[in-house]
Amino acid sequence: MRERAETLRSATVRGICRGHLPGLSSARYGWQLVDLDLVDTLRSTGAVRAFAPETVPDEVVVRVLDTARFAPSGGNRQGWRVIVVKDAATRATLRDLYLRGWYEYLAMVAAGLVPWAPVTDREAEAAARAEAPTFAAAGAAGPGFAETLDAAPVLLLVLADLSALAAVDRDLPRYTFAGGASIYPFVWSILLAARAEGLAGVMTPMPVPAEDDVRPLFGIPDTVAVASLVVLGRPEHVPRRLARAPVAEFTWVDRYEGTPFAP
């Protein structure tokens, strides 16, 4: 069994180096690794919120995290922490905390705002958020991903150890985000590693606004922040290539909004 595991690991590493994963199966777990092309995977790993009612074995989740842990981080400090949320009552409470922010999000989008944008009209935002109960009523009448979050196959609460983050913009007079560079590559790697297991999912920071209530729910210390919730499962539909703005629309030569960088 040990030789089989080492063979599987070696073949997987070789496949990654070539830009794809070999289609190998694990007799131990009965789970099929998917043959992936790296470029196609990068072009088709979008947000998936509809899952088949299929349990994901713990061994598969461990393998996803085992691959994702090689994500880059400042000083290789690896400040990410993960809580696998399994308890039914805890999942239900997390869902309710999620919904609080979700309905405010929907209300702000309906008002034509980018929710919680660092540069925004705060009065317009407050007025929009006051309409959240309307969206809560609609959600109760027609439950979707958010309302059924507690039933998702895998819930991973990703945290950030603040003592491990080199937040170089910490003292600037604007919103700080540089510290996230040591956490969100790990989150992205979780989604990519999940694809190799035939899974898909979504990263959502919606629990972050409810951090004060999330902390006691999971016993999270004050020196650790909530960074994201990652939801995984077997997708109902196979991921496909996504639509995005072309390079020339967001890349310029020498100056902001200068000459578009294009061949």
Side-chain angles (χ1 to χ4, degrees), residues 1-73 76-87 90-91 94 149-161 164 182-204 218 227-240:
M1 184 64 72
R2 179 175 298 177
E3 292 179 357
R4 166 64 177 168
E6 288 301 320
T7 299
L8 177 62
R9 182 180 296 276
S10 297
T12 300
V13 171
R14 290 197 301 272
I16 292 173
C17 292
R18 290 196 303 269
H20 67 279
L21 289 171
L24 300 177
S25 63
S26 170
R28 179 179 181 184
Y29 302 118
W31 201 264
Q32 183 77 24
L33 291 176
V34 181
D35 187 7
L36 297 176
D37 175 82
L38 177 59
V39 173
D40 284 344
T41 302
L42 291 172
R43 286 175 172 265
S44 64
T45 303
V48 172
R49 298 179 176 85
F51 307 106
E54 178 180 340
T55 299
V56 178
D58 287 350
E59 293 87 351
V60 174
V61 178
V62 169
R63 287 206 303 272
V64 168
L65 295 172
D66 189 47
T67 297
R69 68 191 173 95
F70 289 94
S73 62
N76 194 29
R77 283 180 285 272
Q78 303 166 51
W80 48 75
R81 305 289 183 265
V82 181
I83 296 175
V84 182
V85 188
K86 289 194 169 190
D87 178 74
T90 303
R91 278 171 160 250
L94 181 61
L149 181 69
D150 55 313
V154 180
L155 295 179
L156 303 176
L157 188 65
V158 180
L159 312 174
D161 182 349
S182 290
I183 301 298
Y184 293 113
F186 170 72
V187 177
W188 177 231
S189 290
I190 290 176
L191 294 174
L192 292 176
R195 289 290 304 278
E197 299 285 352
L199 303 175
V202 63
M203 61 168 286
T204 170
F218 294 98
S228 180
L229 179 67
V230 179
V231 187
L232 299 175
R234 185 77 74 182
E236 284 189 356
H237 304 289
V238 177
R240 56 187 174 79

Residue list, salt bridge (Lys or Arg N to Asp or Glu O under 4.0 Å) with Arg81, at least two apart or on another chain: Asp161
Show me the donor-acceptor pairs within less than 3.5 Å that the side chains of residues 39-46 make with the rest of the protein, sequence neighbours left out.
unit_1, atom_1, unit_2, atom_2, d
Asp40, OD1, Arg241, NH2, 2.4
Thr41, OG1, Asp37, O, 2.7
Ser44, OG, Asp40, O, 2.7
Ser44, OG, Arg195, NH1, 3.3
Ser44, OG, Arg195, NH2, 3.3
Thr45, OG1, Thr41, O, 2.6
Thr45, OG1, Arg195, NH1, 2.8

Working for side chain to side chain contact (heavy atoms under 4.5 Å, CB included), residues Met203 and Tyr184: CA-CA 10 Å; Met203 61 168 286; Tyr184 293 113; 3.8 Å; yes
Contact summary for Gly201 and Leu191, nearest pair of heavy atoms: C-CD2, 3.9 Å
Heavy-atom side-chain proximity of Glu197 to Val64 below 4.5 angstrom: yes
Verdict with supporting geometry, Val154 and Val231, side chain to side chain contact (heavy atoms under 4.5 Å, CB included): CA-CA 6 Å; Val154 180; Val231 187; over 6 Å; no
Flag, side chain of Arg234 to backbone of Gly198, donor-acceptor distance under 3.5 Å: yes
From CA spacing to verdict: side chain to side chain contact (heavy atoms under 4.5 Å, CB included), Leu159, Val82: CA-CA 6 Å; Leu159 312 174; Val82 181; over 6 Å; no
Check: Ser182 main-chain N/O paired with Ser73 side-chain donor or acceptor under 3.5 Å: no
Val85 side chain reached by Phe218 side chain, heavy atoms, under 4.5 Å: yes
Validation row: Val84, Leu155 side chains within 4.5 angstrom (heavy atoms): no
Chi angles and distances behind the side chain to side chain contact (heavy atoms under 4.5 Å, CB included) call for Leu229, Leu94: CA-CA 10 Å; Leu229 179 67; Leu94 181 61; 4.1 Å; yes
Ala164 versus Gly79, closest heavy-atom pair with distance: CB-CA, 3.8 Å
Residue pair Leu156 / Leu65, side-chain heavy-atom distance below 4.5 Å: yes
Rounded distance (nearest 0.5 Å) linking atom CZ of Phe70 with atom CD of Gln78: 9.0 Å
Lys/Arg N to Asp/Glu carboxylate O, Arg63 vs Asp58, below 4.0 Å: no
Heavy-atom closest contact (Pro153 atom, Val56 atom, distance): CB-CG2, 4.0 Å
Beyond-backbone contact of Leu232 with Ile190, side-chain heavy atoms, under 4.5 angstrom: yes
With Arg77 via side chain to side chain donor-acceptor pair (under 3.5 Å) - residues at least two apart: none
Val230 side chain near Ser228 side chain, heavy-atom distance below 4.5 Å: yes
Closest contact, heavy atoms only, Val48 versus Pro235: CG1-CB, 3.9 Å
